There are 2 protein chains.
Amino acid sequence: MTTQQDLAFPRPLTFVDVVIFCVQESQLKVLLIKRKPSDKLPNQPQWGLVGGFVDIDKDENLEATALRKLKEKTNVTSPYLEQLGSWGSRTRDPRGWSVTNVYFALISPEFASPLQHGGNAEDAQWVTIEGSGVKYALAFDHHEILETAITRLRNKVEYTSLPAYLMPNTFTMAELQKSYEVVLGRSLEKSAFRTRVLSTDLLEPIDDFKLGSNRPAQLYKIKNRANAVFFQRTFKPV
Amino acid sequence: MTTQQDLAFPRPLTFVDVVIFCVQESQLKVLLIKRKPSDKLPNQPQWGLVGGFVDIDKDENLEATALRKLKEKTNVTSPYLEQLGSWGSRTRDPRGWSVTNVYFALISPEFASPLQHGGNAEDAQWVTIEGSGVKYALAFDHHEILETAITRLRNKVEYTSLPAYLMPNTFTMAELQKSYEVVLGRSLEKSAFRTRVLSTDLLEPIDDFKLGSNRPAQLYKIKNRANAVFFQRTFKPV
DNA sequence: CAAATAGTGTCTTTAAGACATTATCTT
DNA sequence: AAGATAATGTCTTAAAGACACTATTTG
């Protein structure tokens with residue numbers, strides 16, 4: 001494993017891709033990039049995930065590459081970021097044996113700076129998730145990766161506080177519940193939701209209310225953005 | 001992302017490592033390799049995970065590399081195999097920027113052919129897990145990887161049928177429960193365990209019993225080795 | 001029969017589901 | 001007061017925990 005022969009092994013191409021989710025207008029969306037057609041990749045669909053090569057001079061580790069890519073596209077610097085896995089094969093990219101290390105990020109669209117359109121050679125866009133994918137064909141194996149990310153997200157939302165990372169700084173209980181419902185694609189029971197969320201150490205009520213033409217709603221913030229909370233059961237037994 | 005410049009980017013070294021678990025003598029064990037000291041890696045601990053370079057000629061994809069490595073060391077060809085994630089950084093391997101794509105495998109020791117000792121330049125050994133690691137110092141970041149694997153395994157065992165993959169072809173309910181208990185490091189309540197396991201589609205009783213100086217125990221086999229079963233709750237709410 | 005482990009039954013506890021009821025604001 | 005949504009309460013249900021009890025073998 002450590003001979004000169006080994007180090008001379010041909011090395012696969014190494015990428016990092018980031019599946020960036022947000023909830024906007026009651027829809028789960030993913031940030032996709034539309035690239036200009038290229039000589040090297042003539043037959044690839046133009047839409048794809050945010051990503052690129054690891055820059056071994058700039059990037060200390062894989063997560064740094066993911067954060068760099070996220071910052072470039074959204075200007076968000078401290079998202080919820082979790083590794084999804086890696087995909088590597090001889091055929092996934094026509095340029096040769098390649099591996100992509102995939103992260104998924106949850107952000108509040110309020111924190112993302114307006115996405116640049118045109119100008120660049122790239123066009124970034126929030127695209128609505130429909131079922132287990134999007135309406136566009138995606139380059140490489142990005143559709144499979146996106147599907148895995150959606151599945152992972154939906155699974156974890158059943159028993160964690162992940163949707164809290166999709167929220168702005170302060171929000172009401174009903175707004176948080178709505179985020180859960182958007183991701184899960186089904187409605188949840190109000191009082192059970194409330195009891196469960198409040199029984200954990202996730203939220204802190206702040207000294208403010210959201211007003212409207214009805215009873216004011218308590219506003220909350222996340223107690224500790226660094227730690228997701230795990231519940232002991234899923235929301236709905238099958 | 002597709003220019004000649006990009007393809008010329010320096011490429012990290014690409015490895016695959018496999019954390020292979022089994023339960024033997026009521027202990028959770030991991031397969032480790034002891035390598036001969038090397039000129040290239042003079043200061044590394046000699047014990048490490050099973051792994052090696054991706055061979056882009058032999059291996060179709062990352063999972064193929066993992067299976068090849070597993071086969072080389074255990075002769076097992078159809079384990080439970082799940083990707084754990086990838087670790088990549090400038091410093092994790094002194095030979096340069098590197099990425100390892102890590103899988104974890106669960107096997108029954110009955111299926112593994114006797115491990116070769118000496119003979120080769122390597123010495124493979126089942127090492128008992130104590131707490132969140134092993135008693136040996138491990139090379140590179142393998143201790144961190146092992147710890148992540150143990151955590152993932154213990155977490156999933158709370159709500160899946162994974163320990164079934166640690167069993168031989170047929171086994172009793174008590175033996176399966178013992179596997180759960182060994183992995184989790186705590187005892188479970190017999191009747192709740194039974195009810196939960198039998199309420200899923202996991203097991204099939206066979207027409208045979210395990211005899212002893214007591215009431216014979218029904219033997220079971222796994223109905224469908226391809227699909228792990230997910231429970232709706234963890235075993236013990238905190 | 002004693003010993004041992006397999007397997008079942010009962011009662012309690014925990015948290016979710018369904019759904020009704022009360023609370024508090026605006027217009 | 002009407003309308004709206006927030007927040008709470010009550011009763012039911014699902015499944016786990018604790019633990020006692022019965023079943024079936026060997027020696």
Side-chain angles (χ1 to χ4, degrees), chain A residues 26 155 157-161 163 167 170-181 184-221 229-238, chain B residues 26 155-161 163 167 170-182 184-221 229-238:
Chain A
S26 292
N155 282 342
V157 164
E158 293 279 359
Y159 62 96
T160 69
S161 63
M167 307 303 292
T170 68
F171 48 87
T172 67
M173 189 62 70
E175 287 164 352
L176 179 61
Q177 182 174 344
K178 185 69 189 173
S179 269
Y180 272 85
E181 293 174 339
L184 291 173
R186 69 170 195 270
S187 59
L188 297 174
E189 206 282 321
K190 187 165 62 159
S191 103
F193 181 83
R194 223 189 148 69
T195 311
R196 172 195 278 222
V197 167
L198 291 179
S199 76
T200 68
D201 208 33
L202 177 64
L203 299 183
E204 193 168 10
I206 63 170
D207 198 18
D208 200 7
F209 291 80
K210 186 191 180 193
L211 308 177
S213 62
N214 48 28
R215 177 170 171 179
Q218 177 70 55
L219 283 165
Y220 296 89
K221 64 171 187 172
V229 167
F230 287 73
F231 307 119
Q232 289 302 311
R233 299 192 192 174
T234 60
F235 271 100
K236 193 191 191 77
V238 230
Chain B
S26 293
N155 282 342
K156 290 194 84 163
V157 164
E158 292 280 359
Y159 62 94
T160 68
S161 63
M167 307 303 292
T170 69
F171 49 86
T172 67
M173 189 62 71
E175 287 163 352
L176 178 61
Q177 183 174 345
K178 185 69 189 174
S179 270
Y180 272 85
E181 292 174 339
V182 165
L184 291 173
R186 68 168 196 271
S187 59
L188 297 174
E189 206 283 320
K190 187 167 61 160
S191 105
F193 180 84
R194 222 189 148 68
T195 311
R196 173 194 275 222
V197 167
L198 290 180
S199 77
T200 67
D201 208 32
L202 177 63
L203 300 183
E204 192 168 11
I206 64 169
D207 198 17
D208 200 6
F209 291 82
K210 186 191 180 193
L211 307 176
S213 63
N214 48 30
R215 176 171 171 176
Q218 177 68 55
L219 283 165
Y220 295 90
K221 63 172 189 169
V229 167
F230 287 73
F231 307 120
Q232 288 304 310
R233 299 192 192 176
T234 60
F235 271 100
K236 192 191 190 76
V238 228

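As the structure is a computational prediction, the values presented were derived from the model and not from experiment. Numbered from 1 within each chain, the chains take letters A, B, ... in sequence-line order.
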Notebook entry, point to check: Going through the distances and angles, do A:R186 and A:E158 end up as a salt bridge (Lys or Arg N to Asp or Glu O under 4.0 Å)?
Noted result: CA-CA 11 Å; A:R186 69 170 195 270; A:E158 293 279 359; 2.9 Å; yes
Quick one: [X] [atom1] to [N] [atom2], roughly how many Å, whole number?
{"X": "B:F231", "N": "C:dA15", "atom1": "CZ", "atom2": "C1'", "answer": "19 Å"}
{"X": "A:E158", "N": "C:dA16", "atom1": "CD", "atom2": "P", "answer": "12 Å"}
{"X": "B:Q177", "N": "D:dG17", "atom1": "CD", "atom2": "C1'", "answer": "13 Å"}
{"X": "B:L211", "N": "D:dT26", "atom1": "CG", "atom2": "P", "answer": "7 Å"}
{"X": "B:L203", "N": "C:dG7", "atom1": "CG", "atom2": "P", "answer": "12 Å"}
{"X": "A:L198", "N": "D:dT8", "atom1": "CG", "atom2": "P", "answer": "8 Å"}
{"X": "B:K190", "N": "D:dA23", "atom1": "NZ", "atom2": "C1'", "answer": "11 Å"}
{"X": "B:Q218", "N": "D:dT24", "atom1": "CD", "atom2": "P", "answer": "13 Å"}

Checklist line | Any B:R194 side-chain N or O less than 4.0 Å from OP1/OP2 of C:dG7 | finding: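 True: B:R194 side-chain N/O within range (under 4.0 Å) of C:dG7 OP1/OP2.
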Margin query: Looking at D:dA16, I'd like to know if its phosphate oxygens (OP1 or OP2) sit under 4.0 Å from a side-chain N or O belonging to B:R196.
Written below: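 Looking at the OP1 and OP2 atoms of D:dA16, one of them is under 4.0 Å from a side-chain N or O of B:R196.
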Note to self: Just to be sure I understand the rule, does A:S199 reach a base, reach only the sugar-phosphate, or reach nothing, if contact means heavy atoms closer than 4.0 Å?
What the structure shows: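 The answer is nothing, as A:S199 stays clear of every strand by at least 4.0 Å.
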Check: Side chains of B:I206 and B:T170: does their closest heavy-atom pair fall under 4.5 Å?
Finding: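 Sidechains of B:T170 and B:I206: in contact.
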Next item on the list: Would you check if B:Y220 and B:L202 make a side-chain contact, meaning some heavy-atom pair closer than 4.5 Å?
Entry: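 Side-chain contact under 4.5 Å: no.
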Note to self: Using every non-hydrogen atom in the two residues, find where B:L203 and B:F171 come nearest and quote the distance to one decimal.
What the structure shows: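 Smallest heavy-atom distance, with atoms named: CD2-CZ, 3.7 Å.
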Notebook entry, point to check: With respect to the side chain of B:R215, which nucleotide from C:dG7, D:dC19, D:dT25 is positioned closest?
Noted result: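 Of C:dG7, D:dC19, D:dT25, C:dG7 is nearest to the side chain of B:R215.
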Checklist line | Among D:dG17, C:dA18, C:dG7, the nucleotide that comes nearest once only the side chain of A:E189 is considered | finding: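 That would be C:dA18.
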Margin query: Go nucleotide by nucleotide along DNA chain D from the 5' end; which of B:P216 and B:T195 gets its closest nucleotide reached first?
Written below: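 Whichever sits nearer the 5' end wins; that is B:T195.
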Note to self: Looking at A:K178, I'd like to know if its NZ atom is crowded, meaning that more than 12 non-hydrogen atoms belonging to other residues, nucleotides or ligands lie closer than 6.0 Å.
What the structure shows: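 Count not over threshold, so no.
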Checklist line | Under 3.5 Å donor-acceptor pair, B:S191 side-chain atoms to C:dG7 base atoms | finding: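 Answer no: no donor N or O sits under 3.5 Å from an acceptor.
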